[in-house]
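Contents: one structure, followed by commentary.
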Amino acid sequence: MAVSSTQVQFDSLFGLFTYLAIAVSIIVFSLLIYFIVKYRDRPSSRQPNDTPILGKLPRSRGHAKSVVVTVSLSTIILVVLIIGSFGAIDNILTPPQHVCPGCAMEVTAHQFYWQFTYPNGTKPYDTRDILRVPVGENIRLNVTSADVFHDFGIIGYDIKTDAIPGRTNVVWFYPHTTGNFTIQCFELCGVGHATMKGTLMVMSQAAYSAWYDSTVVH
Amino acid sequence: MAEQLWVSAKRWLYTTNHKDIGILYLITSLFLFAAAGVLALTMRTQLSAPDNTLLTANIYNQFVTVHGLLMIFWVLSPLAFGFANYIIPLEIGCRDLAFPRLNSMSYWFFLFSGVMMILSFFFGAAPDLGWTLYSPQNAAQFSPAIGFNLGAGALILMVVSITMSSINFLVTMFKMRAPGLKLRHMSVFPWAILVTIFMMLYAFPSFLAAVVLLYVDRAFGTVYFSSIQGGSLLWDNVFWFFGHPEVYIVLFPAIGIIADIIPTFARRPLYGSKYVIGALVAAALISFVVWGHHMFVTGIGIVSTKLYTVTTIAVSLPFDIIVISLIETLGFAKLRLKAPALFALGAVANFIVGGITGVFLASVALDYALRGTYFVVAHFHYIMVGASIIGLIGGLYYWFPKITGRMYDEKIAKVHFSSSAEHNFCYFTIYIVARG
C-alpha cells in the first residue's frame, strides 16, 4: 500500500515511463542485435556495392523518410510523457492553501542535523531530528537552511526539495499510513552528510494532537 | 645514451607538431584517467562493507570531488582532443593547426592544471563538496583549506587551455581546409569536433566567470556566491548554464568517433550522415536551454520547471536520429567485428540505456524523487563512461596502427572489450539500488 499521496503520483508516473522505456529499448536493441548478427562478415555475405573507396568521397545515402518516421514516433512517446509529467507537476508544486492547525512546519537544515519548528513555536531540541505529523492530513513544510546547500528528502515518500540558505521552498504531502520513515539529506553538504538523517514519525491523529497540545511554547 | 635521451626529451618538450601534441594529450589524459580510476576504486572499496574505516568522511568527500573533476575536465575532453589534434589536420588536409605554438601552450597549461588539481590534496584538503562545487559551501568559511584555492586555480588554468585550443581549432577548420573540401564534405568526426568547439566557446565563459568570482570570494573575501541573498542560486545558474552543454562537449567527440568507426567496419557509408550532422547541431543548440533541469527542486517555479521539462525531453529527439542512423548503417553491410567496431557498438548500446534513463530525469515530477540518488549517478556514468569513454577507447584501437605504425593484438583487445562490458554490471545495478 502506498504510504503517501506523492508516492501514488510518483509510482504511476514512474510506471508509465518504465513501460515505455522497456518497450523502446526492446525495439531498438532487437534492431541493433538483429543487424549485427544478420549482416556480420561471413564468407557467404555479399560485398556492399557502395563500400567507400580510398581517395573518393563516400556516396551519400539515407532517406529523409527514416528521420521523419523516427522523429514522429519519438515525438508521440515524448508528448505522452510530457502530458503525464505536467499533471504530476501541477499537483506536486501546488501546495494546499489551508492546512489544519499544527500541520505547517518549518524545516531548517544545519550541518548536520534537521531542526523542525511547529506552528505553535515548539522547537524540540532533544528530539530535533524527529518530525511528528498526523496521518490523514495535508502537511506543508517550509524548508530552508541555516548554513550550506542541503536537500530535504523523505525516503519512501518520493519527495524532495532543496534547503537553500536565504530561501524558503515549500513541499507538501498527505500521509496514508502511520509509521516511521527516514528523512535524509540528498546534497553533499560536508563531512557529516552521510549521517545527516532524521525520522518522519507519522502518528494517529489522536496521538498527534495529544503530543502537540502537551508541547510547551518556548 | 645520455645525448639520445636529451634529444628525445627535447623533441617532446619543444614540440609544436600537431601529431606529437596529440600523442602528449592522449598519454597525459590516460595517466590522469588512471589517477581518477584509483580514486574511484578506493571509494568503491570503502563502500563495499558497512561502517568501513578505509577512508574518513573528509577524505572520501575529497575523493568524490577530485574523481569527478578529473574525469570531466582532465580525462574526457583531453582524450578527445588528443584525437582531434592528431586526426583533424589529416582529415581536413592541412599541414598543422593554425597556431602550432598556441597548441603547444594549451597542452602545457592542461598538464600543469591537472598536476595542480592533484597537488591540492597535499595543501590541507582538496575540494570536497562534489564536482558541482555548490555555493555557499565553496566559501572560505565552510571549506577553508588552501588546497581548494589551488583546485580553483587549476580550473581557471584549464579553462584558459580549453579556450586557446578551441580558437586554434576554429581557425584551422574554417581557414585551412584543403582546397575544394567543403564543410559539408567533412565526415562526422570533424563535424562533431567543430560543434563541440562552438559549445566550448559559449559554455566555458560562464564557467570561467563562476570560478574566477569563486576564487575572488575565497582569496579576497568578496561575497558573490557566499552572500545569503541568492548566492546559492546564482552559482547554480552560472554553473549549470555551462554544466549541461559540458555533458555534450564530452560526448560529441565520442559520437563522432563512433560514426567514423561503424561505417569503416560495416564497409558502407554512414546512413544519413547529413541528418546526423544536423542532429548534432540541433542538440548543441538545445543544450543551452536545458540547464534548469539540474535545478528542478531549487524552487524555480512551476512555469520554469514545465519549460525545462519540455526542452529537456525535446533534446532527446536529435539523439534518436543519431542512434537510428548508426543502426541503419549496419543494414546490408559486411560488418567485421574487430575491436574498434566492438567498442563503437558497445558505446551505442550503452548510450541507448543512458539516454532512455535520461528522459526519466527530464520529468520534474520524477526528479522530485530521483534527485541526488544513485539513479542520477547511474545515468550519467552510462553516458560519460558507457558512451564517451568506451567510444574513445574504440578510437584508441581504431587509430592505434595509424599513430604507432604497429598493430595491436586483436585477442588482447577483445579481452579488454569483454572486461569493459563488465561495467554494465556495476552501473545497471546502481539503477536497481536507486529504486530498491
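Convention: sequence-line order gives letters A, B, ...; per-chain numbering from 1.
- With hydrogens and angles ignored, the 3.5 Å screen pairs a side-chain donor or acceptor of B/Ser143 with a backbone N or O of B/Gln137.
- Ring geometry for B/Phe360 against B/Phe375 counts as tilted: the plane angle lies between 30° and 60°, on a 0 to 90° scale.
- More than 12 non-hydrogen atoms from other residues, nucleotides or ligands lie less than 6.0 angstrom from OH of A/Tyr113.
- With a threshold of 4.5 angstrom between heavy atoms, A/Asn91 does not approach chain B through any atom at all.
- Shown here is B/His185, whose NE2 atom has more than 12 heavy atoms of other residues, nucleotides or ligands within 6.0 Å.
- Among the candidates B/Val359, B/Asp128, B/Thr132, the residue making the largest number of heavy-atom pairs closer than 4.5 Å to chain A is B/Val359.
- Contact count versus chain B (heavy atoms, under 4.5 Å) is highest, among A/Thr51, A/Val143, A/Thr94, for A/Thr51.
- Residue-environment remark: NZ (B/Lys274) stays at or below the threshold of 12 foreign heavy atoms within 6.0 Å.
- When heavy atoms are compared at a cutoff of 4.5 Å, B/Ile300 approaches chain A solely by way of its backbone atoms N, CA, C and O.
- Contacts between A/Asn169 and chain B at a heavy-atom distance below 4.5 Å involve the side chain alone, from C-beta outward.
- Ring planes of B/His294 and B/Trp240: parallel class, angle under 30° (limits at 30 and 60°).
- When heavy atoms are compared at a cutoff of 4.5 Å, B/Ile302 approaches chain A by way of both its backbone and its side chain.
- Put simply, the side chain of A/Arg140 gets close to the backbone of A/Gln97: a donor and an acceptor are under 3.5 Å apart.
- Of the atoms belonging to A/Ala194, not a single heavy atom falls under 4.5 Å from chain B.
- Heavy-atom pairs under 4.5 Å with chain A peak, among B/Thr357, B/Leu129, B/Thr56, at B/Leu129.
- Contact annotation for B/Ile313: both backbone and side-chain heavy atoms come within less than 4.5 Å of a heavy atom of chain A.
- Using a 4.5 Å heavy-atom threshold, the side chains of A/Trp114 and A/Lys197 count as separate.
- Interatomic distance, CD1 of B/Ile261 versus CZ of B/Phe189, reported as 10.0 Å (0.5 Å rounding).
- Highest contact tally toward chain B, considering only A/Ala64, A/Gly192, A/Ala88, A/Gly153, is held by A/Ala64 [criterion: heavy-atom pairs under 4.5 Å].
- Taking the six-membered ring wherever Trp is involved, the centroid distance between the rings of A/Phe152 and A/His150 does not fall below 6.0 Å.
- When heavy atoms are compared at a cutoff of 4.5 Å, A/Ala163 does not approach chain B at all.
- Between B/Lys306 and A/Asp90, at least one side-chain nitrogen of the basic residue sits less than 4.0 Å from a carboxylate oxygen of the acidic one, meeting the salt-bridge criterion.
- Of the listed residues B/Ala333, B/Ala362, B/Gly372, B/Ala139, the one with more heavy-atom pairs under 4.5 angstrom with chain A than any other is B/Ala333.
- Of the two parts of A/Phe17, the backbone and the side chain both hold a non-hydrogen atom closer than 4.5 Å to a non-hydrogen atom of chain B.
- Listed options A/Gly62, A/Pro52, A/Pro58 were ranked by heavy-atom pairs under 4.5 angstrom with chain B; first place goes to A/Gly62.
- Remark: the backbone N or O of B/Leu133 is paired with a side-chain donor or acceptor of B/Asn138 at under 3.5 angstrom.
- The contact between B/Tyr275 and chain A is made entirely by side chain atoms (from C-beta outward), counting heavy-atom distances below 4.5 Å.
- Of residues 226-235 of chain B, those residues with a non-hydrogen atom less than 4.5 Å from any non-hydrogen atom of chain A are, in numerical order, B/Ile228, B/Ser232, B/Leu233.
- Atom OG of A/Ser145 and atom CD1 of A/Ile164 lie 9.0 Å apart (nearest 0.5 Å).
- Within the structure, salt bridge (charged side-chain N to carboxylate O under 4.0 Å, His left out) pairs that include any residue of residues 162-187 of chain A comprise A/Asp162-B/Arg371, A/Glu187-B/Arg371 (at least two apart or interchain).
- Interface residue B/Glu328: backbone and side-chain heavy atoms are both found under 4.5 Å from chain A.
- Side-chain atoms of B/Asp367 do not come within 3.5 Å of backbone N or O of B/Val297 as any donor-acceptor pair.
- Interface remark: of the candidates B/Ile321, B/Thr65, B/Thr264, B/Ile321 forms the most heavy-atom pairs closer than 4.5 Å to chain A.
- For the salt bridge (Lys or Arg N to Asp or Glu O under 4.0 Å) test, no residue two or more places apart in sequence or in another chain qualifies with B/Lys338.
- B/Leu366 touches chain A through backbone and side chain together, each having a heavy atom under 4.5 Å away.
- Only the side chain of B/Asp236 comes within less than 4.5 Å of a heavy atom of chain A; its backbone N, CA, C and O stay farther away.
- Proximity to chain B involves both the backbone and the side chain of A/Leu13, based on heavy atoms less than 4.5 angstrom apart.
- Screening B/Trp131, B/Phe225, B/Tyr134 for a ring-ring contact (aromatic ring centres under 6.0 Å, His included) involving B/Phe239 leaves a single residue, B/Trp131.
- Only the backbone of B/Ala266 has a heavy atom closer than 4.5 Å to any heavy atom of chain A.
- Close approach to chain B, defined as a heavy atom under 4.5 Å from one of its heavy atoms, is seen in A/Ser74, A/Thr75, A/Leu78 of residues 72-79 of chain A, taken by number.
- The residue among A/Arg42, A/Gln47, A/Gln9 with the most heavy atom pairs within less than 4.5 Å of chain B is A/Gln47.
- Ranked by heavy-atom pairs under 4.5 Å with chain B, the first of A/Thr161, A/Leu93, A/Asp50, A/Thr70 is A/Asp50.
- Classification of the A/His176-A/Tyr174 ring pair by plane angle, with boundaries at 30° and 60°, yields perpendicular.
- Looking at B/Leu270, only its backbone comes within 4.5 Å of chain A, counting heavy atoms on both sides.
- Counting only distance, with no hydrogens or angles, the side chain of A/Arg61 and the backbone of B/Pro269 share a donor-acceptor pair below 3.5 Å.
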Steps toward ring pair (Phe, Tyr, Trp, His ring centres under 6.0 Å) verdict (B/Phe343, B/Phe417): CA-CA 7 Å; B/Phe343 276 100; B/Phe417 174 72; 5.2 Å; yes
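- Across A/Val170, A/Leu57, A/Thr195, A/Ile155, the residue that shares the most heavy-atom pairs under 4.5 angstrom with chain B is A/Leu57.
- The side chain to side chain contact (heavy atoms under 4.5 Å, CB included) test with A/Val28 singles out one residue from B/Ile327, B/Ile356, B/Asp320, and that residue is B/Ile327.
- Residue contact with chain A, scored on non-hydrogen atoms closer than 4.5 Å, involves the side chain of B/Phe142 exclusively.
- Ring-plane geometry between A/Phe14 and A/Phe10 is classed as parallel, the angle between the planes falling under 30 degrees on a 0 to 90 degree scale with a further cut at 60.
- Using a 4.5 Å cut-off between heavy atoms, A/Thr6 makes no contact with chain B at all.
- For a residue to count as touching a neighbouring chain, one of its non-hydrogen atoms must lie under 4.5 Å from one of that chain's; by this rule B/Ser316 touches chain A with the side chain only.
- Within the 4.5 angstrom heavy-atom criterion, only backbone atoms of B/Ser273 (N, CA, C, O) approach chain A.
- The NE2 atom of A/His110 sits 7.0 Å away from atom CG of A/Asp147, with the distance rounded to the nearest 0.5 Å.
- When heavy atoms are compared at a cutoff of 4.5 Å, A/His63 approaches chain B by way of both its backbone and its side chain.
- Residues B/Leu345 and B/Phe265 fail the side-chain proximity criterion, which asks for heavy atoms closer than 4.5 Å.
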